[in-house]
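Note on naming: letters A, B, ... go to the chains in the order of the sequence lines (proteins, then strands), and numbering restarts at 1 for each one.
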Amino acid sequence: MLVLTCHACGVTAEETEFHAGGEAHLKRFGPGSSDEDFEEYLFMRANPKGVHFERWRHANGCGKWFHVARDTMTLEVFGSYSAQAFAPPEELLSRIEDRRPGWRGQD
Amino acid sequence: MSEPVSALKNISDLNGIAAIREIGPLGMITLRGDLSDRAVQDAAKTAGGANAPDQRKINAEGDGGVAWMSPDELLILCRYDEVPLRMTNLQAGLSKGHALAANVSDARAVFEVSGPRAREVLAKLAPVDLTPGQFEPGMMRRTRLAQVPAAFWMTDAETFRIVCFRSVAQYVFDLLKIAAQPGSEVDFF
């Protein structure tokens, strides 16, 4: 079971109170982009075994979106951060580095 | 004006391990806006008769009060017949800024679960830590009851008030009734 903390309202609850929103920090390629870029944006998703950044929505609570960093294999949750962030905060990245040395090269 | 009718006509079930009553109709106004804005805070205070609460808290007294619903949303509670007047005052107080006040009284159903085992009944249905000390009067929790969204708070140490959508009122009443059926004590708390 995943236990997540909503970054917007601070509630810590198990995953049935939330709704998963897929991979985080995707860059949108819309009209005018190349077919390859558009296909990549629309269909191609990272599927790492290990550290993963995701979007979640507090569907049965405050209703807000937020970001979560977790391990897809052990289900360890490293932390959550604002939905308005374009990239994970440095402080969170260094915490992940402590737990999973060298994880950045694994994607 | 026609008489307001609550969703289940104030049905109750007093045979279980906690007393379940549908109460209401209760006046409810959703107020959305920038909660750090003084105008929004003042409007909420005037309409709800209490200060705007901190995150995940509720300032309630009797049927009136103000509850924190999300980073940009408050729920104002009042008597059902006072809603039109309070809406008028809210609209006047909020006319200069960007905010929304909507009367949602008829979109909701309100239940009261009371008794020494009320915590137990709620804990069977919601993924919330209801241990005394973790959840206490003054806190507001939006969550789910089995399959539907709901919010609840405590009016005293043994009484919960639950709000849910009116369309699922029968479902929620049935849930509570089953969770409180005689002989289903867990004795966890």
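Within 6.0 Å of the CD atom in B:Gln147, the count of heavy atoms belonging to other residues, nucleotides or ligands does not exceed 12. A:Phe38 CZ: 12 or fewer foreign heavy atoms inside a 6.0 Å radius. At most 12 non-hydrogen atoms from other residues, nucleotides or ligands lie less than 6.0 angstrom from CD of B:Glu61. Under a cut-off of 6.0 angstrom, the local environment of NE2 in A:His25 is crowded, with over 12 non-hydrogen atoms contributed by other residues, nucleotides or ligands.
Residue B:Ile178 is not grouped with residue B:Phe152 when hydrophobic side chains (ILVMFWY) are merged at heavy-atom distances under 4.5 angstrom, including chains of intermediate members. By the rule that hydrophobic residues join a cluster once side-chain heavy atoms approach within less than 4.5 Å of another member, B:Tyr80 and B:Phe111 end up as members of separate clusters. Clustering ILVMFWY residues whenever any of their side-chain heavy atoms sit less than 4.5 angstrom apart, transitively, puts B:Met69 in the very cluster that holds B:Leu26. Following chains of ILVMFWY side-chain contacts shorter than 4.5 Å, one cannot reach B:Phe135 starting from B:Met140, and the two form parts of different hydrophobic clusters. Linking ILVMFWY residues whenever their side-chain heavy atoms come closer than 4.5 Å, directly or via other members, places B:Phe165 and B:Ile20 in the same cluster.
Annotation: side chain of B:Arg142 is not in contact with side chain of A:Val11 (no heavy-atom distance under 4.5 Å).
Residues of residues 53-62 of chain A placed with any heavy atom under 4.5 Å of a heavy atom in chain B are listed by number as A:Asn60, A:Gly61, A:Cys62. Close approach to chain A, defined as a heavy atom under 4.5 Å from one of its heavy atoms, is seen in no residue of residues 179-189 of chain B. At a heavy-atom cut-off of under 4.5 Å, chain A is reached by B:Arg32, B:Gln55, B:Arg56 from residues 28-57 of chain B, listed in order of number. For a heavy-atom cut-off of 4.5 Å, chain B lies close to no residue in residues 67-95 of chain A.
Of the inter-residue distances, the one linking A:Glu14 atom CD with B:Thr143 atom OG1 reads 8.0 Å to the nearest 0.5 angstrom.
Top candidate by heavy-atom pairs under 4.5 Å with chain B, chosen from A:Gly63, A:Cys6, A:Gly10, is A:Gly10.
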